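Note that the structure is a prediction, hence the values are computed from the model and not measured.
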Amino acid sequence: MNGTRGTVTGGSALSSSSGVRQGGTSMKVDSISNAATSSDSTRDSAEDLLDLKGKVESRLLSMWNNVKFGWTVKLKTNFSKESPVWLLGRCYHRKLSPTGSLESSTEIGTEATANDPMEQIYGEGIEGFKSDFISKIWMTYRREFPMMSGSTFTTDCGWGCMLRSGQMMLAQALVCHFLGRSWRWTPEKPIQNAREFQEDCLHRMVIKWFADKSSVNSPLSIHQMVNLGESLGKKPGDWYGPASVAHCLKAVMTSASKENYELDKLEVYVAQESTIYVQDVYSNCRLPNGSWKSLILLVPVKLGTDKLNPIYGPCLTSLLTLDFCIGIIGGRPKHSLYFVGYQDDRLIHLDPHYCQEVVDVWQPNFSLQTFHCRSPRKMPIIKMDPSCCIGFYLATHSDFETFVNVISSFLVPQGVSSCNEYPIFTIHNGSRSTVMNPPNIRYSIFESDHHWVTPNIQDSDTDIESEEFVLV
């Protein structure tokens with residue numbers, strides 16, 4: 001009995017001792033587990049704080065940017081009741097039955113439409129202009145988008161304005177290609193038929209291609225542009241000039257066409273040395289079966305040294321009267337803009353310097369409001385930076401031939417003694433590869449980046465005309 005009891009007692013003692021050891025191990029495991037959990041929580045808290053810090057900084061930068069560029073008030077821009085308003089080949093006037101001669105009203109712009117009936121020239125009046133302007137796709141700074149590869153950027157505020165201007169010009173070309181130049185977007189209007197449904201789908205498709213994320217479904221995003229910009233020696237956060245953006249647009253469209261069949265029949269050509277080589281365009285656009293790719297033609301130019309040479313002002317405005325013009329990207333020094341029209345000596349533009357929150361375009365019926373601007377702005381043409389890029393959309397082979405035949409008369413400044421000495425750009429019937437001595441260009445199209453790279457906190461839209469200010 002005692003032996004048995006002793007054995008049992010010993011066994012109990014062993015069990016007790018084992019239990020103490022197990023308990024000690026358990027306590028150590030729990031302690032390590034708690035420490036790990038605490039470490040993870042600390043790490044998560046630190047990441048949350050960094051994320052919060054980034055969002056606060058992004059919002060503060062956005063708020064400062066919007067104050068700096070005049071977006072904290074609503075502007076109503078002056079439009080003369082006496083002068084026509086031109087918007088990418090369309091003319092609008094407050095007076096549907098204008099008095100006085102057409103020539104005195106439109107000056108050089110009449111060359112594009114001098115043979116048209118008066119009612120067609122003056123279109124739908126100023127309401128027609130408003131509808132046309134608001135239909136242009138507006139690309140602006142965005143914040144809180146997915147981080148760009150190889151950087152910590154979650155906003156392009158402060159550096160991406162020229163890329164956004166380039167996106168707007170490309171978007172206008174795509175709208176012309178898929179929807180037509182006469183397409184109009186009517187805000188908050190319910191879809192009433194199959195045609196309007198199809199137009200809405202195409203409209204949203206174009207915007208999705210520019211969505212602010214790195215995705216094969218958004219091949220024209222700023223993420224993709226920055227990624228391909230590395231081949232031009234650029235990195236995230238760098239500023240771009242108009243010529244660099246033109247080459248970047250060509251690169252993203254070439255890449256996008258490999259994954260998106262809708263873009264197969266579009267070609268982007270960037271003029272070299274301010275010269276369009278006709279044979280090179282034919283080589284790029286003519287398909288083996290004899291069909292023709294639609295052409296987005298980009299012409300980087302430099303029209304002065306530090307300031308725009310004023311003799312080119314009328315040439316630029318006359319180009320904006322052409323139906324196949326898709327605008328001009330440029331701006332004033334340190335401030336990129338997308339020019340779409342003019343009235344008198346002031347250019348009408350879309351301004352990308354408004355920082356907005358990113359939109360999830362993959363949500364059904366996502367809001368389109370932030371992709372369209374209701375506030376046209378104007379800038380004296382004399383303040384325009386001499387570096388710019390002029391864009392054209394030519395849908396067919398016939399359109400390109402017409403362009404080649406008529407464009408020369410729009411390129412030569414008035415009053416120049418030698419009619420072929422100083423055109424904005426030139427047309428060459430051959431191929432660039434066969435030209436031994438390319439034309440002598442007054443200034444390199446690869447603009448010096450100092451025009452664009454140094455932000456100036458004193459720079460603001462003080463030259464914007466306005467009739468009234470309404471506090472937001």
Q: Look up atom CG in L347 and atom CZ in R377, then write down how far apart they are to the nearest 0.5 Å.
A: 15.0 Å
Q: Just jot down the ring-ring contact (aromatic ring centres under 6.0 Å, His included) partners of F403, sequence neighbours excluded, or say none.
A: F324, F392
**Q.** Closest non-hydrogen atom pair, T155 against C157
**A.** OG1-N, 3.1 Å
Q. With a 4.5 Å heavy-atom cut-off, do M148 and I222 have their side chains touching?
A. yes
Q. Which atom pair, heavy atoms only, marks the closest approach of Q167 to S221?
A. NE2-C, 3.6 Å
Q: Please determine which of R164, H223, R142 meets the side chain to side chain donor-acceptor pair (under 3.5 Å) test together with D156.
A: R164
Q. Counting distance only, does the side-chain N/O of W292 pair as donor-acceptor with the main-chain N or O of A395 below 3.5 Å?
A. no
Q. So, F79 versus F129, ring centres under 6.0 angstrom or not?
A. yes
Q) Between the side chain of T140 and the main-chain N/O of Y354, is any donor-acceptor distance below 3.5 Å? A) yes
**Q.** Donor-acceptor pair between Q198 and R195 side chains, under 3.5 angstrom
**A.** no
Q. Has the side chain of H93 got a donor or acceptor atom that lies under 3.5 Å from a matching backbone atom of I126?
A. no
Q. Say you draw a straight line from OG of S274 to NZ of K302; how long is it, rounded to the nearest 0.5 Å?
A. 11.0 Å
Q) In terms of the angle between their ring planes, are H349 and F339 parallel, tilted or perpendicular, with boundaries placed at 30° and 60°? A) perpendicular
Q) S218 and W362: which non-hydrogen atoms are nearest, and at how many Å? A) OG-CZ2, 3.5 Å
Q: Verify, without hydrogens or angle tests, whether K250 (side chain) and Y269 (backbone) share a donor-acceptor contact under 3.5 angstrom.
A: no
Q: Start with the C-alpha distance between V175 and W185, add both sets of side-chain angles, then the distance that settles side-chain contact (heavy atoms from CB on, under 4.5 Å), and finish with yes or no.
A: CA-CA 11 Å; V175 166; W185 177 65; over 6 Å; no
(Q) Counting C-beta onward and ignoring hydrogens, is there a side-chain heavy-atom pair between L316 and M384 closer than 4.5 Å? (A) yes
**Q.** Trace of the side-chain contact (heavy atoms from CB on, under 4.5 Å) decision for F145 with K213
**A.** CA-CA 7 Å; F145 52 56; K213 62 185 297 186; over 6 Å; no
Q | Closest non-hydrogen atom pair between L220 and A256, with its separation | A | CD2-CB, 4.0 Å
Q.
Are Y141 and W159, when compared by the centres of their aromatic rings, separated by less than 6.0 Å?
A. no
Q. When you measure from the side chain of Q343 to the backbone N and O of S83, does any donor-acceptor pair fall under 3.5 Å?
A. yes
Q: Please round to the nearest 0.5 Å and tell me the distance separating atom CG of L287 and atom NZ of K265.
A: 6.5 Å
Q) So how far is it from C389 SG to M169 CE, rounded to the nearest 0.5 Å? A) 4.0 Å
**Q.** Partners passing salt bridge (charged side-chain N to carboxylate O under 4.0 Å, His left out) against K235 (at least two apart in sequence or in another chain)
**A.** D238
Q: Would you mind reporting whether V359 and F371 have side-chain heavy atoms less than 4.5 Å apart?
A: yes
Q: Return yes if some donor-acceptor pair links the side-chain N/O of S294 with the main-chain N/O of L266 below 3.5 Å, else return no.
A: no
Q. Which atoms form the tightest heavy-atom contact between S131 and I134, and what is the distance?
A. O-CG2, 3.4 Å
Q. With no hydrogens and no angle check, is any side-chain donor or acceptor of Q356 less than 3.5 Å from a backbone partner on T370?
A. yes
Q) Listed by chain and number, what are the salt bridge (charged side-chain N to carboxylate O under 4.0 Å, His left out) partners of E196, not counting sequence neighbours? A) K189
Q | Gap separating the CD1 atom of I382 from the CZ atom of R346, nearest 0.5 angstrom | A | 11.5 Å
Q: Take L295 and K293, measure what side-chain contact (heavy atoms from CB on, under 4.5 Å) needs, and give me the verdict at the end.
A: CA-CA 6 Å; L295 175 66; K293 285 185 176 183; over 6 Å; no
Q. Quick one: does S255's side chain have a donor or acceptor within less than 3.5 Å of a partner on A251's backbone?
A. no
Q) Hey, is CD on Q192 packed in by over 12 heavy atoms from elsewhere, all under 6.0 Å? A) yes
Q: Compare all side-chain heavy atoms of P413 with those of C315 and state whether any distance is below 4.5 angstrom.
A: yes
Q. Can you tell if the side chain of S165 reaches within under 4.5 Å of the side chain of V245, non-hydrogen atoms only?
A. no
**Q.** Main-chain N/O of D132 paired with K136 side-chain donor or acceptor, under 3.5 Å
**A.** yes
**Q.** Side-chain touch V358/T154, heavy atoms, less than 4.5 angstrom
**A.** no
Q. What closest approach, in Å, do Y342 and T317 show between heavy atoms, and which atom pair accounts for it?
A. CE2-O, 3.2 Å
Q. Are V281 and V404 close enough that some pair of their side-chain heavy atoms sits under 4.5 Å apart?
A. no
Q. Knowing that exactly one of Y393, W183, W209 qualifies, which makes a ring pair (Phe, Tyr, Trp, His ring centres under 6.0 Å) with F178?
A. W209
Q | Contact check, side chains of H353 and C161, non-hydrogen atoms, under 4.5 Å | A | yes
Q) What's the spacing between R181 CZ and L88 CG if we round to 0.5 Å? A) 5.5 Å
Q. Are H203 and H372 close enough that their ring centres sit under 6.0 Å apart?
A. yes
Q | salt bridge (Lys or Arg N to Asp or Glu O under 4.0 Å) assessment of D385 paired with K307 | A | CA-CA 6 Å; D385 191 273; K307 295 182 179 180; over 6 Å; no
Q) Where do I424 and I390 land on the side-chain contact (heavy atoms from CB on, under 4.5 Å) test, with the steps shown first? A) CA-CA 10 Å; I424 286 185; I390 308 163; 3.9 Å; yes
Q: Verify the neighbour count for atom OH of Y282: are there more than 12 heavy atoms of other residues, nucleotides or ligands below 6.0 Å?
A: yes
